[in-house]
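Treat the numbers as computed from the prediction; the structure is a model and nothing was measured. The residues of the chain are indexed from 1 along the displayed sequence.
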Amino acid sequence: MLQNIEKSFNYNMVVLARESRGITQTSLAKSINISQGNLSKIEQGLSDVGIDVIIKISKALNYPISFFQENINQLPVNHQFHRKRKSIGKRHLSLIDASLTIRRLHLRKLLQSIEIEDNIIKLDIEKFGSPETIAQKVRHHWKLPAGPIKNLVGLLESKGLIIIYTKIYDKLDGMAVPSEENIPLIYLNKNKTIDRQRFTLAHEFGHIVMHTDYIPKVDDDVENEADKFAAELLMPCNEFTAMTKGKYITIEELAFLKRYWRTSMASILYRLNHLEIITPQRYRSLNVELSRIGYRKHEPILGIPHEEPRLLNELVKSHLDNLNYSTRELAEVLRMNLDEFEKTYLHKNIKLAHVRKI
């Protein structure tokens, strides 16, 4: 048994586990009482690892030994789309990417027994030409009614997108990572306001729709493309223009439009300027006014309801309630220690929806 563990040990999972905990190589080596050089060789696959060291690594990083027997590929950075990624330090990026990769492992295992809706279309940006056109096609494909999308989280989850709240790093608004298993997954920063979360979610969803199978060229601005997609998805040009053209836009009018479209005043103001509904002078004037009253940093929510992701928790609950897994068994399946599994997945009671046995 112990020999099998040594033979099946995957050194790549040590790096993944360590980075997901935000622990440096130096700190881990010290905590398990080996030299950093030895640990470096283990992580490079250049040194055999005895069962005693495997047990120490497992305890130090709070992952069961079975975690280090898994195989999972961490996607290269150029396949990952993070809002404000450039402003995040290397150590935080490693933590974020490792945490997401491990969540992908959980999802891959959960989806082996549960089938969810798969109605997310992929439309190549090079073929269709403009993000706005693609956003319009998505709305048409889903037969969305005119006007705002009342619950964007609920809509996207009903189509098969998995949304995870995270508080890993405050500078990160959200991120989408295409996976080899074709699992559409978006992280959202739980600490951001709902209007900002909605635009970030639409932005990251734009990456999944337009850029999943697309390697950006040097001059491509995929972030700008995702912003344009998000603006059109949330505030369709024809309806938005008909509602605002000819009006004298004030702070009060921006507040009214925010309540209606459920996006921030800043994004609405940008949309008004981009569609040339207001003059550049009025755009600058309103930006100055938003700054003066403090709305550039902290906008009022104005009654926009919170949108809670449910699908991931539903997958977990379906295993427990419908497939008769015990919490310990499901923790073992997900390669988690029981305490972390309970803290991560059993903190809320959510009704089942969008799932069925296979």
Of the non-hydrogen atoms in [X] and [Y], which two are nearest, and what is the gap between them?
X: Ser20; Y: Leu95; result: O-CG, 4.0 Å
X: Asp195; Y: Thr263; result: CB-C, 3.9 Å
X: Glu340; Y: Tyr63; result: OE1-CE2, 4.5 Å
X: Thr244; Y: Ile249; result: O-CD1, 4.5 Å
X: Leu28; Y: Ala60; result: CD1-CB, 3.8 Å
X: Pro305; Y: Ile194; result: O-CG1, 3.4 Å

In this structure, which one of Leu155, Thr200, Val138, Leu152 forms a side chain to side chain contact (heavy atoms under 4.5 Å, CB included) with Phe205? Val138

Between [atom1] of [X] and [atom2] of [Y], what distance do you get to the nearest 0.5 Å?
X: Leu16; Y: Ser99; atom1: CG; atom2: OG; result: 8.5 Å
X: Asp227; Y: Tyr270; atom1: CG; atom2: OH; result: 7.0 Å
X: Leu311; Y: Ile116; atom1: CG; atom2: CD1; result: 5.0 Å
X: Thr241; Y: Leu272; atom1: OG1; atom2: CG; result: 9.0 Å
X: Ile57; Y: Ile65; atom1: CD1; atom2: CD1; result: 10.0 Å
X: Leu320; Y: Asn313; atom1: CG; atom2: CG; result: 10.5 Å

Taking [X] for the side chain and [Y] for the main chain, is one N or O donor matched with an acceptor at less than 3.5 Å?
X: Glu289; Y: Ile251; answer: no
X: Glu299; Y: Leu290; answer: no
X: Arg104; Y: Leu185; answer: no
X: Ser58; Y: Ile54; answer: no

Over 60° means perpendicular and under 30° means parallel, so classify the ring planes of [Y] and [X], tilted if in between.
X: Trp261; Y: Phe240; answer: tilted
X: His306; Y: Tyr165; answer: tilted
X: His207; Y: His203; answer: perpendicular

Would you kindly confirm whether Ile293 and Leu269 end up in one hydrophobic cluster when ILVMFWY residues are joined by side chain heavy atoms under 4.5 Å apart? yes

Under a 4.5 Å side-chain heavy-atom rule over Ile, Leu, Val, Met, Phe, Trp and Tyr, are Ile55 and Ile34 clustered together? yes

Would one find more than 12 heavy atoms of other residues, nucleotides or ligands at under 6.0 Å from atom CD of Glu276? no

Might you work through the side chain to side chain contact (heavy atoms under 4.5 Å, CB included) test for Phe9 and Ile42, ending with a clear yes or no? CA-CA 10 Å; Phe9 179 79; Ile42 289 171; 4.2 Å; yes

Intermediate values then yes/no, salt bridge (Lys or Arg N to Asp or Glu O under 4.0 Å), Glu225 and Lys228: CA-CA 5 Å; Glu225 289 173 352; Lys228 290 178 178 179; over 6 Å; no

Min side-chain heavy-atom separation [X]-[Y] under 4.5 Å:
X: Phe68; Y: Ser8; answer: no
X: Ile102; Y: Met336; answer: no
X: Ile114; Y: Leu323; answer: yes
X: Ser66; Y: Gln69; answer: yes
X: Arg139; Y: Ile149; answer: yes
X: Val53; Y: Asn38; answer: no
X: Arg296; Y: Ser291; answer: yes

Do Gln25 and Glu43 get their side chains close enough for a donor-acceptor pair, meaning under 3.5 Å? yes

Return yes if a side-chain donor-acceptor contact under 3.5 Å exists between Glu332 and Tyr325, otherwise no. no

Are [X] and [Y] ion-paired here, with the side-chain N under 4.0 Å from a carboxylate O?
X: Arg310; Y: Glu157; answer: no
X: Glu253; Y: Arg282; answer: no
X: Glu314; Y: Lys317; answer: no
X: Glu307; Y: Arg262; answer: no
X: Glu232; Y: Arg271; answer: yes

